[in-house]
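Reading through the structure tokens given below for one structure.
Please read all numbers here as calculations on a predicted model, not as lab measurements.
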Amino acid sequence: MKSSELNIVIFGRGLAGLMTALALEKALGESVQIQLVDSPQATEDEHVYGTVTSPTAYEFLRQIGLDEPVLFSRSATSFSFGTQYLNWPGAPADWVQCHHQILPALMGIPLQHHLARANRSIAPLLVSDLAARQGKFAHPPEDASNPLSRAEYGYQFASQEWCEILRSALPSSRIQYIRDSQVTVSTDAHKQVTLTLSTGERVAGDLFIDCSGAEGALMTVLGNSFRPTRAVKIEHRAEDVERLGPACRRVSASASGWTAQTYLQNAVQTTLVHDIAVAESGDRRVFGHRSEAWVGNCIAIGASASVHDPLSPAPMIMLQRDIERLLELVPVGRGFAIERREFNRRFTNDVAHCDMFTGAFYETRNTHNDSFWETAQKVYGSPGLERKIRQFESRGVLVRYDLEPFNDEDWTILHRGIGRMARRFDLQAMSVDQGELNRQLDMMSGAVSELVARMPPHHVYVANMKRYFEKQRYG
């Protein structure tokens, strides 16, 4: 079988299925035949991916047709400099888990060591932090001398809106769209999946992609059970607003969980995540993952493979990495063994890395005395996370694992924000004069403060940008 003969069948009607189908079409062109089977059995909970993305989403979304003129004109999408965490147990103050490019090194020594020596906060040096707090936004310029060039951004979004935009692209694509009220899923002794439509017609495919959500219709038939790690209650609400809020989601902690507010162009979307034994309302959600994401001739993507705590952008990061991993490892021969093994290895590592980052939020010394927080610490605790925390607290070292989706800046900002301080720092930092160090830090924070003061409010920037897009469209 040549790559040009490959037939891929996607079973799913939600965000994962639509993104996967369009990503395959854009990346592989005429080399494959793509079928998207839409059925009630493939219904996906659209809230499972949270409401925020990381900066890596920009290029990924652009490639599948969701560039900014589309996102901001056809949906209520807004910008995101990060998430502000309020009343977080163990944290000395609120902090913004902002998106930022490589932090500057002074005299060749990483910034965190100078901050530990001077006992200073990192927040005033982060332009995306200060802008988020003040409700400001502007695109980072290419001019490296501008402090704003160090900022990075993601998006605040409503997944159902993105689904509608992507679904509208199907008629103009070469993807064969099959809609059926009742599809039968079966498998043989060799773990080869087949789909049969209500008419009795079989859907032929060399490779099947399960995008049917947490139920994982194809994976379940294959006997690839979902491994639960934690159950919570999640409730979603939306309130219409006349003016867009800040380019920053806000998360507030309570004794039994946390509440997030996401600021869209026309609404504030509230997500409540609470202890399953305490919450009186909301839907039961189980976090966890499959033992393997690729079994036989079937690959699970998105929530069919793993469901993640929406405390950070981890759910969208994982969905994006699932699809990118698929694009890289699309088989070109009859045997899938090598590609399957590598796909599963990377999937397992990605799940572990996302869980470590999530666990770092819950791993605090002074948590609420409640089962929600105790369970989170138990579930997400791991030798890998313990090593990261101990090394940073001991001597300011950032432990890195291969192909992590969260970078050094993410971890530095999280460690410092939640109150982790290095007891020791790189002795080379002592070679910098204390007075000169303070002057350098004061100059950096002053430049950030002056710049943010001149930035436009988030709602003003978005309104002006939309008018520009409209003018470009109609002339």
Side-chain angles (χ1 to χ4, degrees), residues 54-55 79-86 91-154 246-248 392-398 400 406-458 460-461:
S54 74
F79 292 107
S80 172
F81 271 141
T83 297
Q84 184 176 18
Y85 294 90
L86 307 161
D94 69 275
W95 88 95
V96 177
Q97 187 63 38
C98 60
H99 307 306
H100 205 278
Q101 290 195 16
I102 298 174
L103 296 171
L106 301 180
M107 312 301 178
I109 303 164
L111 183 63
Q112 70 264 22
H113 294 287
H114 295 292
L115 294 176
R117 178 191 174 195
N119 193 28
R120 293 178 62 146
S121 170
I122 192 174
L125 308 178
L126 305 173
V127 63
S128 43
D129 179 305
L130 190 58
R133 292 175 188 273
Q134 295 187 17
K136 306 290 189 72
F137 185 83
H139 277 96
E142 294 183 2
D143 181 5
S145 65
N146 188 322
L148 185 58
S149 67
R150 312 311 301 164
E152 292 193 311
Y153 67 89
C248 179
F392 186 85
E393 289 184 330
S394 174
R395 53 199 184 99
V397 171
L398 294 168
R400 302 180 184 91
F406 298 96
N407 58 31
D408 284 355
E409 287 64 47
D410 296 327
W411 279 100
T412 299
I413 293 168
L414 174 53
H415 284 319
R416 293 296 301 249
I418 212 164
R420 298 188 186 110
M421 299 293 290
R423 294 188 296 272
R424 295 173 292 169
F425 50 83
D426 191 328
L427 292 180
Q428 294 183 75
M430 296 296 291
S431 63
V432 181
D433 177 75
Q434 183 73 52
E436 177 60 23
L437 172 61
N438 285 325
R439 282 191 293 273
Q440 290 275 352
L441 295 176
D442 288 342
M443 183 173 65
M444 291 168 62
S445 61
V448 167
S449 181
E450 291 176 9
L451 172 66
V452 172
R454 299 193 303 270
M455 290 172 63
H458 185 209
V460 171
Y461 188 88

Interatomic distance, [X] atom [atom1] to [Y] atom [atom2] [nearest 0.5 angstrom]:
X      : Y      : atom1 : atom2 : result
Gln101 : Ser149 : CD    : OG    : 6.5 Å
Leu414 : Glu409 : CG    : CD    : 13.0 Å
Arg416 : Gln112 : CZ    : CD    : 9.0 Å
Leu441 : Leu115 : CG    : CG    : 6.0 Å
Leu103 : Leu125 : CG    : CG    : 8.5 Å
Leu398 : Thr412 : CG    : OG1   : 4.0 Å

Would the number of heavy atoms belonging to other residues, nucleotides or ligands and lying under 6.0 Å from [atom1] of [X] be above 12?
X      : atom1 : answer
Gln428 : CD    : no
Glu142 : CD    : no
Leu86  : CG    : yes

Does the side chain of [X] reach to within under 4.5 Å of the side chain of [Y], using non-hydrogen atoms?
X      : Y      : result
Asp129 : Val452 : no
Asp433 : Arg439 : yes
His114 : Arg120 : no
Met421 : Glu393 : no
His99  : Ser128 : no
Ile413 : Cys98  : yes
Trp411 : Phe392 : no
Val96  : Leu130 : no

Problem set entry | Whether Lys136 side chain and Met455 backbone form a donor-acceptor pair below 3.5 Å | yes
Problem set entry | Check: Ala247 main-chain N/O paired with His458 side-chain donor or acceptor under 3.5 Å | yes
For this session: Would you please classify the geometry between the Phe137 ring and the Phe79 ring as parallel, tilted or perpendicular, with 30° and 60° separating the classes?
Result: parallel
Minimum heavy-atom separation for [X] and [Y], please, with both atom names.
X      : Y      : answer
His113 : Arg395 : CE1-O, 3.3 Å
Gly419 : Pro92  : CA-CD, 3.5 Å
Ala91  : Gly417 : CB-O, 3.8 Å
Ala123 : Ser121 : N-OG, 3.1 Å
Phe81  : Ala138 : CZ-O, 4.1 Å

Problem set entry | Centroid separation His139 to Tyr153 less than 6.0 Å | yes
Exercise. Does any donor atom in the side chain of Gln97 or Trp95 lie under 3.5 Å from an acceptor atom in the other side chain?
Worked result: yes
Exercise. Do Ser394 and Arg424 get their side chains close enough for a donor-acceptor pair, meaning under 3.5 Å?
Worked result: yes
Exercise. Are Val432 and Arg117 close enough, and set up right, to give a side-chain contact (heavy atoms from CB on, under 4.5 Å), and what steps lead you there?
Worked result: CA-CA 10 Å; Val432 181; Arg117 178 191 174 195; 4.0 Å; yes
